[in-house]
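This report refers to the structure that appears directly beneath it.
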Amino acid sequence: MGNVKDLAVRRRLVSLSRRLVVKVGSGVLTGENGLNTRVIGRLSGEISRIRASGREVVLVSSGAIASGFRNLGFSQRPVSIQEKQACAAVGQAGLIFAWEKALARHDLKVAQVLLTADDLSNRRRYLNARNTMSTLLGWGIIPVVNENDTVVVDEIKFGDNDTLAGMITGLVGADLFINLTDIDGLYDCDPRQNESACFVPLVNAVGPRIEAMASRIPGALGAGGMYTKVLAARRVARRGVACVIANGKKSQVLTRILAGEPEGTLFVPREERLNQKKHWIAFTAKPKGVLVVDDGARTALLERGKSLLPSGLGDVQGSFNRGDVLQVKGADGLVVAVGLTNYTADELHRIRGCRTQEIEGILGYKHSDEVIHRDNMVVGDKLRT
Ligand code: GLU
């Protein structure tokens with residue numbers, strides 16, 4: 001597994017890492033009888049050694065639903081959202097307690113952080129969460145993050161902790177994202193269904209070929225499947241952060257990854273980095289509306305590095321405020337860009353198609369010449385998945 005060049009790439013990427021997000025899936029943390037405290041104990045030992053090497057760790061821990069339904073004596077993971085939420089509420093208490101107890105053996109303290117996609121989509125709450133996390137890390141505490149399953153409905157849920165962990169990686173400015181699951185990493189097809197599946201030790205860029213390799217079927221206890229892991233890896237790679245998907249059931253898995261050993265699938269980050277704000281715009285915030293632009297504006301955005309002006313604006317869809325994230329689409333319906341709007345939906349209905357000199361005359365004031373400024377915009381039609 002892994003040739004000499006791949007190993008050199010691994011060593012370089014992991015040796016530079018100082019702040020890690022480690023996500024542990026339900027399939028790793030839970031078994032027949034609920035939470036697997038032996039695995040939690042083993043990972044806690046590894047985390048304490050990582051801390052001792054001067055690195056900071058944020059944990060994203062699944063397992064609330066899986067632990068809750070076992071605890072309640074049900075034989076299967078519930079299907080309805082209400083039952084999953086109720087099981088998560090039961091299981092979360094045991095989950096955080098198990099981490100607290102196991103990490104305390106190594107003199108480490110934990111903090112419980114429960115979030116929804118809606119929280120991170122709101123710039124102010126996102127920045128609040130970032131400040132809290134940075135205070136916790138400054139105090140040497142291990143944040144243990146999970147989705148706030150009790151309050152989520154479809155529109156505000158991450159749905160799987162792979163997506164959440166990818167966003168947390170951006171939120172805390174981590175430089176390595178380790179996603180522990182119950183298989184060794186990415187295979188060229190689903191190894192559970194195909195005996196001849198080949199392991200993929202290194203991915204340089206996630207495109208349609210790699211996405212097609214990843215199964216969308218989650219394990220019996222988890223929510224995501226390999227597909228959401230690959231998408232999360234792609235998102236963090238866009239921010240210039242490496243990701244390793246590896247088997248959390250193997251002993252010493254974290255230690256081996258950080259020693260640059262050939263463990264799991266490494267996703268190599270892109271050289272060109274998106275800054276934190278642009279990464280939030282592109283991959284964390286949920287768009288509140290759509291602006292349809294004409295061909296001239298589309299070309300100006302895609303090829304000439306321009307801001308979006310009212311003159312190129314056609315249809316305005318949705319109800320949104322200043323500062324909300326919007327999708328910009330061409331007449332063909334393909335996404336051209338995402339960015340922060342300087343105007344509300346009502347204002348844009350009134351100024352669309354006009355020249356910038358006319359804005360003040362129409363509205364009686366002008367926030368800015370641009371509808372979306374280039375600095376608050378990420379361009380490219382393959383941005384969102
Ligand atoms: N939040 C869910 C739980 O703790 C996990 C979602 C997932 O497995 O990705 O059970």
Side-chain angles (χ1 to χ4, degrees), residues 21-37 39-40 43 58-72 74-100 110-120 129 142-169 171 177-183 192 214-233 235-236 243 245-249 385:
V21 169
V22 178
K23 184 248 166 178
V24 197
S26 303
V28 177
L29 290 178
T30 50
E32 288 293 299
N33 305 311
L35 275 183
N36 186 335
T37 47
V39 172
I40 293 181
L43 289 172
V58 174
L59 261 172
V60 176
S61 177
S62 300
I65 298 173
S67 150
F69 84 77
R70 294 282 194 230
N71 187 334
L72 292 168
F74 303 154
S75 58
Q76 278 178 346
R77 188 182 165 95
V79 182
S80 84
I81 176 113
Q82 289 95 325
E83 285 177 347
K84 280 192 204 158
Q85 288 172 308
C87 286
V90 172
Q92 180 65 30
L95 181 64
I96 199 76
F97 179 65
W99 281 115
E100 184 170 48
V110 302
Q112 172 174 261
V113 179
L114 298 178
L115 292 167
T116 65
D118 210 30
D119 293 327
L120 297 189
I142 312 277
V144 181
V145 186
N146 198 355
E147 177 150 27
N148 190 357
D149 288 306
T150 306
V151 299
V152 288
V153 287
D154 272 350
E155 312 83 80
I156 63 161
K157 81 176 175 198
F158 300 101
D160 59 78
N161 277 354
D162 301 314
T163 309
L164 168 63
M167 290 182 187
I168 295 293
T169 302
L171 178 90
F177 169 31
I178 301 178
N179 194 341
L180 296 180
T181 180
D182 54 3
I183 53 173
R192 295 169 298 185
S215 170
R216 293 174 193 239
I217 306 166
L221 295 165
M226 189 49 73
Y227 186 66
T228 61
K229 291 174 182 49
V230 167
L231 291 189
R235 292 189 180 122
V236 303
C243 171
I245 300 176
N247 192 336
K249 290 188 157 172
T385 48

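Each ligand, and each atom within it, is numbered from 1 in the order the structure gives.
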Is Ala88 in contact with ligand 1, taking contact as a heavy-atom separation below 4.0 Å? no
Here the salt bridge (Lys or Arg N to Asp or Glu O under 4.0 Å) pairs for residues 88-97, sequence neighbours left out, are none
*Will you find, in the side chains of Asp182 and Asn247, an N or O donor that is under 3.5 Å from an N or O acceptor?*
no
In ligand 1, the atoms that come under 4.0 Å of a heavy atom of Ala64 are 3 (C), 4 (O), 10 (O)
Distance col, row Asn71:CG vs Leu95:CG, nearest 0.5 angstrom, shows 11.5 Å
Looking only at distances, please establish whether an N/O atom of ligand 1 is found under 3.5 Å from an N/O atom of Asp160.
no
Worksheet item: Would you say Ile65 and ligand 1 have an N/O pair spaced under 3.5 Å apart?
Response: yes
(Q) With a 3.5 Å distance limit and no angle check, can you tell me whether Ser62 reaches the backbone of Gly25 through a side-chain donor-acceptor pair? (A) no
Taken in chain and number order and not counting sequence neighbours, the residues that satisfy side-chain contact (heavy atoms from CB on, under 4.5 Å) with Ala111 are Leu136, Ile141
inquiry  = Would Asn161 count as a polar contact of ligand 1, with the cut-off being nitrogen or oxygen pairs under 3.5 Å?
reply    = yes
Say whether, by atom type as modelled, one donor and one acceptor occur between the side chain of Asn161 and the main chain of Leu164 under 3.5 angstrom. no
Requested in this report: Look only at interatomic distance and state if Leu95 has a nitrogen or oxygen under 3.5 Å from any nitrogen or oxygen of ligand 1.
Outcome: no
Note to self: Could you check whether Lys84 pairs with Asp149 (Lys NZ or Arg NE/NH1/NH2 to Asp/Glu carboxylate O, under 4.0 Å)?
What the structure shows: no
Q) Got an N/O contact under 3.5 Å between Asp162 and ligand 1? A) no
The answer for which part of Leu164 has a heavy atom under 4.0 Å from ligand 1 is neither
Ser62 heavy atoms within 4.0 Å reach ligand 1 at atoms 4 (O), 5 (C), 7 (C), 8 (O), 9 (O)
query: Distance only, no hydrogens: is a donor on one side chain within 3.5 Å (strictly under) of an acceptor on the other, for Gln112 and Glu100?
result: no
Per-atom filter on ligand 1: closer than 4.0 angstrom to a heavy atom of Asp149 are 1 (N), 2 (C), 3 (C)
key: Contact check, Ser26 vs ligand 1, heavy-atom distance below 4.0 Å   = yes
